[in-house]
Amino acid sequence: MIDLNFISRFRTKAKFKKTYKDAKISYLKRTRWAVSMFYFAMGLCFATWASRIPDIKTALQLSEGDLGSILFALPLGQLVAMPFSGKLVTRFGSHRILIASLLFYVLCLTNLGLAAQAWQLSLGLFLFGIFGNLSNIAVNTQGVYTEVLFKKTIMSSFHGMWSFAGFTGALVGLGMLALELNPYQHFLIVAGIVLLMIAFNYKFLIKAKETVKTEKKKLFSKPDSALIWLGIIGFCCMASEGVMFDWSGVYFKDVIKAPGPLVILGYTSFMIMMAGGRFLGDGLIHKFGRKTVLQISGIMISAGLFTAVFFPFVIPATIAFMFVGLGVSTIVPTVYSVAGKNPNVSPSVALTTVSSVSFLGFLMGPPIIGYIAELSSLRFSFAFIGIFGIFIAIMVSRIKAIE
């Protein structure tokens, strides 16, 4: 497998300034809030783009197949950035890369609203993906450093902030549609909000010097079979998640025929439940066990997508997308947790393998939806992705590592 997980190489060993070690708890809490705001800013940018996909599709007169091909540019940009993102963060510091990359991420967002032709949108999404990946690596490194200072697990709350930002972005999008603002005006307003968040919080980012020398590893190695199966579960989940991000608005507009601002109701309901599921997931797993939670999650994904297919009306589809949001919320974090505890492989190698396979789902899911919709219908393509949830439930029951 290609080694894509750079965060695992410098996960916890960093040389902090003495001021951080001796800092009062109130200052550490302010640092945690600042890092949370950067997670929120990233989620807000992505959700803002996703909320206006239907309008941009209509404005550029794109077919489902055309949109599917164009959407491929965003994860492609993320994939292209992966080989050097971690190295840049290590060399220049996560705090510097996070500020710079998030500024460019916001700039790319506003430029998406100016796209007048398909190639312009494709190029904009490609750059959006590159700077999104840089921001992602940097902000997760900040999250790791903050967790070290607090000496307890708080990473899930950071990712919960990203999901909450997705919900907020959907609500803001709903308001922008009600005000009849075009995507560029919408994106400019959000860009202004994000810039203010950066201005008020950048001083509280952790400035840590990396002291770990990364080990040189072979580009290709034979992965553990159990990790591959965990990766396939992640693939199915991230494919479903990617489809909801990029196609839920289009589905509500073209299939559900939702009126006006209600076009993004499906996306909003999905994001609400995904965020809630991430904040509640640890407690549910502690109470019912990983295997039970993952099996139920897979069934919920399939039930939600099939319900939206067979009952293409606003209320049933909204409830259906809520089920999908709950379903995808806990799967990938749980799979990563199990992979990191593999007794035969080091955590970094295990997470590299699983994350590499899982990411392909996010990469391939949205374009595949477009191609299937072009050949048949959007409803049929959603039904096809719905099968993935059943696969998850079946595979979970056969993997001994998940207990």
Practice prompt. Please lay out, stage by stage, how Leu305 and Phe323 fare under the test side chain to side chain contact (heavy atoms under 4.5 Å, CB included).
Written response: CA-CA 8 Å; Leu305 289 172; Phe323 270 82; over 6 Å; no
Practice prompt. May I have the step-by-step check of ring pair (Phe, Tyr, Trp, His ring centres under 6.0 Å) for Phe384 and Phe388, ending in yes or no?
Written response: CA-CA 8 Å; Phe384 174 78; Phe388 286 10; 5.8 Å; yes
To the nearest 0.5 Å, what is the distance between [atom1] ([X]) and [atom2] ([Y])?
X	Y	atom1	atom2	value
Leu181	Asp55	CG	CG	11.0 Å
Tyr184	Ile189	OH	CD1	11.5 Å
Ile233	Phe391	CD1	CZ	12.5 Å
Phe126	Phe131	CZ	CZ	10.5 Å
Thr168	Met161	OG1	CE	8.0 Å
Ser101	Leu134	OG	CG	5.5 Å

Counting only N and O atoms by type, is there a donor-acceptor contact under 3.5 Å from the side chain of [X] to the main-chain atoms of [Y]?
X	Y	value
Arg32	Leu28	no
Ser377	Ala373	no
Tyr251	Ala308	yes
Thr292	Gly289	no

Fill in: Side-chain H-bond candidate by donor/acceptor type, Lys253 with Thr58, under 3.5 Å
yes
Search all heavy atoms of [X] against all heavy atoms of [Y] and return the closest pair with its distance.
X	Y	result
Val314	Phe252	O-CZ, 4.1 Å
Leu326	Gly277	CD2-CA, 4.2 Å
Gly361	Phe235	N-CD1, 3.1 Å
Gly169	Ala47	CA-CB, 3.9 Å
Val309	Arg379	O-NH2, 2.6 Å
Gly77	Ile130	O-CG1, 3.4 Å

Less than 4.5 Å apart, side chain to side chain, heavy atoms only: is that true for [X] and [Y]?
X	Y	result
Met395	Trp229	yes
Ser135	Val139	no
Thr48	His186	yes
Val328	Met274	yes
Ile272	Phe164	no
Pro183	Leu112	no
Leu109	Phe46	no
Asn111	Phe187	no

Worksheet item: If you draw a 6.0 Å radius around CZ in Phe104, do more than 12 non-hydrogen atoms from other residues or ligands fall strictly inside?
Response: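 No, the 6.0 Å shell around CZ holds no more than 12 heavy atoms from other groups.
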Discussion item. Take a 6.0 Å sphere around OH of Tyr371 and say whether it holds more than 12 heavy atoms from other residues, nucleotides or ligands.
Written reply: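 Yes, OH of Tyr371 has more than 12 neighbouring heavy atoms, counting only those of other groups under 6.0 Å.
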Discussion item. Under the criterion side chain to side chain donor-acceptor pair (under 3.5 Å), I'd like the reasoning laid out for Asp66 against Ser63: C-alpha separation, chi angles, the key distance, then a yes or no.
Written reply: CA-CA 5 Å; Asp66 293 334; Ser63 66; 3.0 Å; yes
Item to complete: Determine, step by step, whether Asn136 and Met42 satisfy the side chain to side chain contact (heavy atoms under 4.5 Å, CB included) criterion, reporting the C-alpha distance in whole Å, the side-chain angles of both residues, the deciding distance to 0.1 Å, and the verdict.
Response: CA-CA 8 Å; Asn136 181 56; Met42 287 182 57; 4.0 Å; yes
Fill in: ring pair (Phe, Tyr, Trp, His ring centres under 6.0 Å) between Phe270 and Phe321, intermediate numbers included
CA-CA 5 Å; Phe270 166 77; Phe321 282 14; 7.7 Å; no
Worksheet item: Between Arg30 and Asn201, does a side chain to side chain donor-acceptor pair (under 3.5 Å) hold up when you go through it step by step?
Response: CA-CA 9 Å; Arg30 182 62 182 88; Asn201 294 285; 2.9 Å; yes
Practice prompt. Take Leu102 and Ile99 through the test side chain to side chain contact (heavy atoms under 4.5 Å, CB included) and record every step on the way to the result.
Written response: CA-CA 5 Å; Leu102 187 55; Ile99 295 169; over 6 Å; no
Identify all side-chain donor-acceptor contacts of residues 294-302 below 3.5 Å with residues at least two apart in sequence or on another chain.
from, atom 1, to, atom 2, distance (Å)
Ser297, OG, Val293, O, 2.7
Ser297, OG, Thr330, OG1, 3.3
Ser302, OG, Gly386, O, 2.5
Ser302, OG, Gly389, N, 3.4
Ser302, OG, Ile390, N, 2.8

Item to complete: Applying side chain to side chain contact (heavy atoms under 4.5 Å, CB included), run through Leu67 and Trp247 and close with a yes or a no.
Response: CA-CA 10 Å; Leu67 181 60; Trp247 286 97; 3.8 Å; yes
Item to complete: Salt-bridge test for Asp254 and Lys57: reply yes if a basic N is under 4.0 Å from a carboxylate O, no otherwise.
Response: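 Answer for the salt bridge query: yes.
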